[in-house]
Amino acid sequence: MESSNNIDIVFIGGGIMASCIVNAVVASGYTSKDNIGINVRTQKSCDAWKQKGFTNTFISKDDLFKKVQPKYVFLCIKPQLYEEVCTELGNSLGKHNGPIKFISIMAGITMEQLRRSFNNTVPDYSITRAMPNLPCQIQRGTTLLCSTLKSDELSVIKEIIECTGTVVEIDEKYFNVGSVLSGSAPAFLFTIIDALADGGCKNGLSKGDSLKLVASAFNGAAEMILQLGEHPMALKDKVCSAGGTTIAGIAELEKHGFRNILIETVTASTQRAKELGAPK
Ligand SMILES: NC(=O)c1ccc[n+]([C@@H]2O[C@H](COP(=O)([O-])OP(=O)(O)OC[C@H]3O[C@@H](n4cnc5c(N)ncnc54)[C@H](OP(=O)(O)O)[C@@H]3O)[C@@H](O)[C@H]2O)c1
């Protein structure tokens, strides 16, 4: 099984999501700043990374690949740029010897679309698709993964991403709905948390205290499902005493079709992911 510390890792794109992964990988000691190569578009971004000690940051892909081995290459650019960037990578890596493992975090872009865009310009490569979520920023993220590689060949890629949290392998045909449940769900939950805290505020508690209580309740509730493996509805029943306060609130949720709203929320986002990923 392939595994090593201080391996070279390349990031094409150095925006929000690349920063999450880079910061986690360095903070965990998995590899050093010197082993990280970053390719950005503007001088401003390049200077900002260099100021943070990432000296192998370049605007030119050719310059980058002279300094850092392109063995693990994360594609962290916006999805609409994928064809242009694959062409640029093909031009730079066309004569590179040795296998390159591309890891694309671009929403909606399939492994087949990437393969077609490389169009044999890169001699020896594999593609892994990853979908990290925002909590990767605090190393509590979840990243979906699917790959053309076999499980044992994925070990280093998994180790890199595990610096940001949990990795879940999933068949590519479920990637859209999986991405909604891990990538978009934090936004749904932030909205629910804010609304519950507004309820606290309406009933006299400060918004700050309300947010702390609700976020902490979410934390504990989620951990109970993960740690105990109990069904959420069994846990809900444990909180609802007969004729009590909680069941009065649950009845109000049901009256407004809360569960159905959430089911349809996931369906709408999944549909949108399909539309965005459809060939133009
Ligand atoms: N944000 C999320 O919650 C999230 C979650 C999961 C996945 N994703 C995916 O992550 C990807 C990146 O999103 P983001 O939010 O990190 O984007 P972002 O902050 O806009 O960063 C994009 C980066 O790409 C660089 N770039 C643009 N053109 C380039 C080129 N031709 N060659 C090299 N670098 C180039 C930009 O350089 P400059 O800095 O110089 O402009 C910038 O650093 C997207 O595909 C998105 O679907 C995002």
Side-chain angles (χ1 to χ4, degrees), residues 9-25 36-52 54 56-65 67-68 70 73-93 102-111 113-114 117-118 121-122 127-146 160-161 164-168 170 172 175-191 269-270 272-278:
I9 310 173
V10 170
F11 291 84
I12 306 298
I16 298 170
M17 286 318 288
S19 305
C20 287
I21 305 171
V22 168
N23 292 339
V25 163
I36 289 188
I38 303 169
N39 173 224
V40 289
R41 190 176 42 98
T42 59
Q43 193 59 49
K44 192 171 166 218
S45 281
C46 190
D47 292 344
W49 278 105
K50 286 198 164 157
Q51 253 180 11
K52 282 189 252 166
F54 293 90
N56 297 321
T57 304
F58 297 93
I59 293 175
S60 152
K61 291 176 177 58
D62 287 340
D63 290 347
L64 172 68
F65 297 132
K67 291 286 287 191
V68 183
V73 179
F74 280 77
L75 305 177
C76 304
I77 61 271
K78 290 288 187 198
Q80 54 270 30
L81 291 179
Y82 85 94
E83 285 172 306
E84 177 187 325
V85 171
C86 286
T87 305
E88 290 169 8
L89 285 168
N91 292 338
S92 287
L93 294 169
F102 288 111
I103 305 102
S104 163
I105 68 162
M106 289 180 280
I109 307 299
T110 63
M111 294 193 281
Q113 282 172 300
L114 289 171
S117 295
F118 282 123
T121 50
V122 184
I127 297 173
T128 297
R129 204 174 153 190
M131 182 48 58
N133 68 2
L134 194 63
C136 287
Q137 254 183 25
I138 56 160
Q139 285 98 64
R140 293 284 305 272
T142 309
T143 299
L144 297 182
L145 214 65
C146 65
I160 295 169
I161 298 175
T164 66
T166 306
V167 172
V168 177
I170 188 169
E172 192 174 27
F175 224 73
N176 285 332
V177 63
S179 300
V180 170
L181 291 179
S182 75
S184 307
F188 306 150
L189 296 176
F190 292 143
T191 308
S269 288
T270 305
R272 185 67 187 134
K274 281 183 195 156
E275 284 165 17
L276 290 175

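Atoms within each ligand, like the ligands themselves, are counted from 1 in listed order. Predicted, not measured: the structure shown is a model, and the values here were computed from it. In what follows, every heavy atom counts, from backbone to side chain, and hydrogens, waters and symmetry copies are set aside. In this chain, numbering begins with 1 at the start of the sequence shown.
Here the heavy atom of the protein found nearest to atom 33 (C) of ligand 1 is Asn39 OD1, 3.1 Å. The nearest heavy-atom contact from the protein to atom 3 (O) of ligand 1 is Met17 SD, 3.8 Å. In this structure, atom 10 (O) of ligand 1 lies nearest to the protein heavy atom Ile105 CD1, 3.3 Å. The shortest contact between atom 14 (P) of ligand 1 and any protein heavy atom is with Lys78 NZ, 3.9 Å. Protein heavy atom closest to atom 21 (O) of ligand 1, with residue, atom name and distance, is Gly15 CA, 3.2 Å. Of the protein's non-hydrogen atoms, the one nearest atom 27 (C) of ligand 1 is Arg41 NE, 3.5 Å. Residue, atom and distance of the protein heavy atom nearest to atom 6 (C) of ligand 1 are Pro132 O, 3.1 Å. The shortest contact between atom 12 (C) of ligand 1 and any protein heavy atom is with Cys76 O, 3.4 Å.
Using a non-hydrogen distance threshold of 4.0 Å, Gly183 does not register as a contact of ligand 1. Put simply, part of Ile77 is less than 4.0 Å from ligand 1, judged by heavy atoms. The shortest heavy-atom distance from Gln43 to ligand 1 is not under 4.0 Å.
For ligand 1, the polar-atom distance check against Asn133 finds no nitrogen or oxygen pair separated by under 3.5 Å. In terms of N/O distances under 3.5 Å, ligand 1 is approached by Ala107.
Contacts between Thr42 and ligand 1, counted as non-hydrogen atom pairs separated by less than 4.0 Å, involve both the backbone and the side chain.
Note that the OG atom of Ser269 and the CG atom of Leu181 stand 9.5 Å from one another [nearest 0.5 Å].
Checking Asp47, Leu81, Thr57, Thr87 against atom 28 (N) of ligand 1, the nearest heavy atom belongs to Leu81.
With contacts defined as side-chain heavy-atom distances shorter than 4.5 Å, the pair Arg41/Ile77 does not qualify.
Residues Asn176 and Lys274 bring no donor and acceptor atom of their side chains to less than 3.5 Å of each other.
Ligand-side atoms of ligand 1 in range of Gly14: 23 (C), 42 (C), 43 (O), range being under 4.0 angstrom from any heavy atom.
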